[in-house]
Number of protein chains: 2
Amino acid sequence: MNKNLVFNLHIPTKLLFGCGELRRLATENLPGKKALIVISGGTSMKKYGYLDKVVGYLKENNVESVVFDKILPNPIKQHVMEAAALCREEKCDFVIGLGGGSSIDSAKSIAIMACNEGDYWDYIAGGTGKNKPVEKALPIIAIPTTAGTGTEVDPWTVITHETAHEKIGFGCKLTFPTMSIVDPELMLSIPPRLTAYQGFDAFFHAAEGYIANCATPISDLYALEAIRLIYKYLPVAVADGRNLKARTKVAWASTLAGMVESTSSCTSEHSMEHAMSALYPELPHGAGLICLSQSYFETFRNDSMKRYMKMAEAMTMEPSKRPSDFIDALVKMQKACKVDDLKLSDWGIKKEDLPEMVKNAKETMGGLFQLDPRMLTEDEILAIYEKAYR
Amino acid sequence: MNKNLVFNLHIPTKLLFGCGELRRLATENLPGKKALIVISGGTSMKKYGYLDKVVGYLKENNVESVVFDKILPNPIKQHVMEAAALCREEKCDFVIGLGGGSSIDSAKSIAIMACNEGDYWDYIAGGTGKNKPVEKALPIIAIPTTAGTGTEVDPWTVITHETAHEKIGFGCKLTFPTMSIVDPELMLSIPPRLTAYQGFDAFFHAAEGYIANCATPISDLYALEAIRLIYKYLPVAVADGRNLKARTKVAWASTLAGMVESTSSCTSEHSMEHAMSALYPELPHGAGLICLSQSYFETFRNDSMKRYMKMAEAMTMEPSKRPSDFIDALVKMQKACKVDDLKLSDWGIKKEDLPEMVKNAKETMGGLFQLDPRMLTEDEILAIYEKAYR
């Protein structure tokens, strides 16, 4: 329990967790009679039969559905606007996000734009957004098929303004899912490399939320448990994707890390990564975070010593004497997951883009820099990017 | 994480926690324009100025209020019915429970009866209750001034049918408080003995919820943290009631233990205690639990060995090798809180009442016996009562 003795806790989402729980869609009391199902433009939701199952269970529950299937890995505003128009046209009264964070985040933003006028960016705080208040949204159901974002239990949605190159998070009380179903059986087909990227995303939600200066006793509890579980089970899930126990533990850790995002916050590591993938949409979010992580966490090693040692202890289950034990354990986990060799240049990022990224990170998600253990200078931010570039 | 890999998590209550947070009543968006404030028949809410503060903050927020001030330590159905009638008459549109568990539980039951016909016992499952469904209730705000019940973050309300001698818990989605304010400054005036009784109540919510066969990964996380904090800080709060740090830690532990009640369940120790205080309303709930606890937990020592050792480790911060380490730590904490000498006979309970209590416990809250690590025989239940009687 840290010094922040005044805090809020409010996660109104009803979470159904467990293998086979997807079928609860057929029997639960749902928030509407016609769903817009939001999925990615990829093939996996169809190929693995997840979409058919969802449509079928909804039918059993006397709920109609329409599918929007264009969402990109880094989801864009244009698709939010397009799907919201479809939602109105088809008179859908709730939105289901099925897939990774991109589909679920899009579902949240679509739920807003299905009942609000104008452009999505009118409601965004940061960048060129106009920060208009959001007073209504359709109910949202989240069904993650990856273990990473935690968006199923937080209000956040991250969308990219594709022409302004701004990737910005938004959230309010209305963007908490009404219900979320986390069924680890839907995660068995994720390939090893994506399993690692996604798992590290969850890990950083927990670790950033734990060192954030707005951490609270409840976020600490969620964060350390998520950190412990991911360290122990992510390498197992990467090595053997069919290991349902490891998948389940990592899925639960990811949900816990989402609860950290609802009770504490990400820090500037996330701002820096968003700036990267806003400019290079091919770069997976988790991969970007992995590239940044070692230099990011080394920067604060002496500013949050006790918390670094607590994280190290949660990971290694050994007493820790130095904050760098955490960095060592982080690197060890990256090696175990075979992602220790990632560098920004792998995605064609150019060294001369780095100063632009510093600027973008500060402009679009500058608020998170105020939640770091101490305020970074622009030189320090550039140095973190440079080390990640290699 | 235990073997229950399928579980729900849904605690829709918005929790405001921290010293001085009571004043948020003046600025938060409240669920109505006229509150029925439910307090006990004792003097403390008025004497310490808590009632005046609540009424004043509501006024600042343009909310009127009416006070019902008759609630007994073991709250009775008659007062629920009386206050619900007052609520309708005065056209109150939400209910505030201010005080200990008795006032907050009553507020929940009043919120039901303010919008439902007939008698409160019509809606109760168990005993002579008629188990009618509850489909509406007024919004509830909980403001605990004790650290013990956890009712501020769970749906449960325990009311005694004073003529049928039935003390039965009830709860549904509608009886979760909309908002709860846990302000440890309101707890500074609790006398040492009551601090101990209430703190042990919270402890048993956590410990029972941890050994219950319906425990889940999230309830485990809440339970072990509550157990750790209570073991460390309850003796401090008992010895020095003005120690705000200890009060804050115990208050947070109690809220966590309430979250255990929302995600796992109490076990039959609570059924047995309810049977006792249904027949002897003078017996404080926490004192009754303390009397039962040693023999209750000894009974399951070999049925939940790993979990007993985990609880012992959370308490003593030492590796545990035997389940009885938990019983030893429990007794040590009882000594540190000066409640190790309690026995049922202190409250005038007669030995010949014990078989009647076995019957009452099974009839009124029999369901909790099914959540114990194994099913107790009636002889075993009687033996637990006899050891508590001494």
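Residue numbers begin at 1 in each chain, while the letters A, B, ... track the order of the sequences.
Only the side chain of B/Leu256 comes within contact range of chain A, with at least one heavy atom under 4.5 Å from a heavy atom of that chain. Only the side chain of B/Met259 comes within less than 4.5 Å of a heavy atom in chain A; its backbone stays farther off. Only the backbone of B/Ile11 has a heavy atom closer than 4.5 Å to any heavy atom of chain A.
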Quiz: residues 139-149 of chain A side-chain donor-acceptor pairs under 3.5 angstrom, not counting sequence neighbours:
| residue | atom | partner | partner atom | Å |
| --- | --- | --- | --- | --- |
| A/Thr145 | OG1 | A/Gly99 | O | 3.4 |
| A/Thr149 | OG1 | A/Thr151 | N | 3.0 |

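A distance of 10.5 Å separates CZ of B/Phe17 from OG1 of A/Thr216, quoted to the nearest 0.5 Å. The structure places CG of B/Leu5 at 11.0 Å from CD of A/Glu21, a figure rounded to the nearest 0.5 Å.
The most heavy-atom pairs under 4.5 Å with chain A, out of B/Val182, B/Leu221, B/Asp183, come from B/Leu221.
Other residues, nucleotides and ligands contribute only 12 or fewer heavy atoms inside 6.0 Å of the NZ atom of A/Lys173.
Summarising the geometry of B/His10 relative to A/Thr13, their closest heavy-atom pair is CD2-O, 3.4 Å, with the distance given to 0.1 Å. Listed here is the closest heavy atom pair of A/Ile218 and B/Tyr222: CD1-CE2, 3.9 Å.
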B/Asp220 and A/Glu225: CA distance, side-chain angles, deciding distance, side-chain contact (heavy atoms from CB on, under 4.5 Å) verdict: CA-CA 11 Å; B/Asp220 289 352; A/Glu225 180 72 353; over 6 Å; no
